[in-house]
**Student:** 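First the structure, then my questions, so here it is.
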2 protein chains.
Amino acid sequence: MRSARDRSVCDGRRDAQPVPDDEHAVDLGPLDDFIGYVLRRAWLRVSADFQAALREVDLKPTQFTVLLIIGRNVGLSQSEVCSALGIQKTNFVPLLNELVRRGLAERRPAASDRRSHALHLTPEGEALLERAMTLHAALEERLTARVGKRGREKLIELLHRLSRTD
Amino acid sequence: MRSARDRSVCDGRRDAQPVPDDEHAVDLGPLDDFIGYVLRRAWLRVSADFQAALREVDLKPTQFTVLLIIGRNVGLSQSEVCSALGIQKTNFVPLLNELVRRGLAERRPAASDRRSHALHLTPEGEALLERAMTLHAALEERLTARVGKRGREKLIELLHRLSRTD
DNA sequence: AGGGATTGGTTATATACAATAACGATATCG
DNA sequence: CGATATCGTTATTGTATATAACCAATCCCT
């Protein structure tokens, strides 16, 4: 979130030099009262925070959720992971490939269907997931500090209502 | 947001065929209680809603905000718009080009600096912006219906707190 | 049991969006 | 004047998401 006030740091004009009227403060209009705009700014911010918090384990948000789901549902197929997370199966392939390449997850032959793969975490994957969970918990605490414990619960409830299909 | 229950529609297995335990319901674990995850799902949803709502005027979220800012701050330079909205100046060029190509905005020579451009809306741009504002207001009402009038205010406040730099 | 339709996984490809590097023209500062 | 910074631009990269087409395996229906 960059407020109009921040603009001064990118502004070559000096205070000594008279600026035409109030042009030095950009009028954002009703923007800060639009759900979509505020939601986008919040997402960009939290997204950056996430990236910084999980840099040590080098996991992107989607990779993190995939590891989490696989860890909690041993033997899940790729399609199942995809529909559970709302990912496109075609985009899931390179994502999983990367996790496999790093030795975090495995594709094992499925028992009942020779087309599908049963997905498992390797011991390394489980260890990394655990570490990632710790880092993520710390992030969640920092985010909670911004909105308060009660505010966090309310926020999550409101966001769920916002994304529910009506 | 795709719930675990939706998975059945992508699931080849029949009910008659005994499924190992409760595997037919994917355990999302603590995911639905993570601010980042819930925020992302909400953003994706609202983003899609926005696209649908403003299809008539064919404006993407960023284009909409740019028109809004230019309309409210006549003669702003490109850099000023960029820093006000947190956009990269390099990414702003093709965005503005498109608006100019469609006859919605203009680059006029700036009075005080021959390097910079004073940005203006054309009459067509102003008309389209007004129409877009109407469509957007309707969208905002539909979103408000999901969280309630009071919930909307609370949500915006919480999102602001979430994206503020601490 | 056989044959059409469907599904799981994959590849290739297209589009949108954000970030970096470098450049010419202009403006500012010492 | 000369060093330095800024405005706008191009080119390029990386990431995220969506579409089309494909093979093999499975399902469904008669």
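Remember, predicted model here, so these are calculated numbers, not experimental data.
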**Student:** Give, ordered by number, those residues of residues 88-95 of chain B having at least one heavy-atom distance below 4.0 Å to an atom of DNA chain C; if nothing qualifies, reply none.
**Tutor:**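 Those residues whose heavy atoms fall under 4.0 Å from DNA chain C, taken from residues 88-95 of chain B in numerical order, are Q88(B), T90(B), N91(B).
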**Student:** Select from L96(B) and P61(A) the residue whose nearest nucleotide in DNA chain D is closer to the 5' end of that strand.
**Tutor:**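 Nearest-nucleotide comparison on DNA chain D picks L96(B).
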**Student:** Would you indicate, yes or no, if dC17(C) has its OP1 or OP2 atom less than 4.0 angstrom from a side-chain nitrogen or oxygen of T62(B)?
**Tutor:** no
**Student:** Can you tell me if R114(A) touches the phosphate of dC23(D), counting only side-chain N or O atoms and a distance under 4.0 Å to OP1 or OP2?
**Tutor:**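 Indeed not, no polar side-chain atom of R114(A) lies that close.
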**Student:** Between C1' on dA18(C) and CD1 on I87(B), what's the gap in Å once rounded to a whole number?
**Tutor:**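 The distance from CD1 of I87(B) to C1' of dA18(C) comes to 11 Å, rounded to the nearest Å.
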**Student:** How many Å lie between NZ on K60(B) and C1' on dT17(D), as a whole number?
**Tutor:**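 To the nearest whole Å, that distance equals 14 Å.
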**Student:** Between C1' on dA25(C) and CG on D113(B), what's the gap in Å once rounded to a whole number?
**Tutor:** 10 Å
**Student:** Calculate the interatomic distance between Q51(A) atom CD and dA18(C) atom P; express it in whole Å.
**Tutor:** 14 Å
**Student:** Does R115(A) make a side-chain donor-acceptor contact with the base of dT7(C), cut-off 3.5 Å?
**Tutor:** yes
**Student:** In this structure, how many angstroms lie between the P atom of dA16(D) and the CH2 atom of W43(B), rounded?
**Tutor:**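 These atoms are roughly 16 Å apart.
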**Student:** Below 4.0 angstrom, which residues in residues 98-110 of chain B have at least one non-hydrogen atom near DNA chain D?
**Tutor:** R107(B)
**Student:** Check whether any side-chain heavy atom of V100(B) sits under 4.5 Å from a side-chain heavy atom of E106(B), and report yes or no.
**Tutor:** no
**Student:** With side chains defined as the heavy atoms from C-beta onward, is the minimum distance between R102(B) and L128(B) less than 4.5 Å?
**Tutor:**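 Side-chain contact under 4.5 Å: yes.
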**Student:** Calculate the interatomic distance between L44(A) atom CG and dA16(D) atom P; express it in whole Å.
**Tutor:** 13 Å
**Student:** Output the rounded distance in Å from NE2 (H117(A)) to P (dA24(D)).
**Tutor:**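 To the nearest whole Å, that distance equals 14 Å.
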**Student:** Quick one: L59(A) CG to dT15(D) P, roughly how many Å, whole number?
**Tutor:** 14 Å
**Student:** Closer than 4.0 Å, any side-chain N/O of Q78(B) to the OP1 or OP2 of dT9(D)?
**Tutor:**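 Checking Q78(B) against dT9(D): at least one side-chain N or O falls below 4.0 Å of OP1 or OP2.
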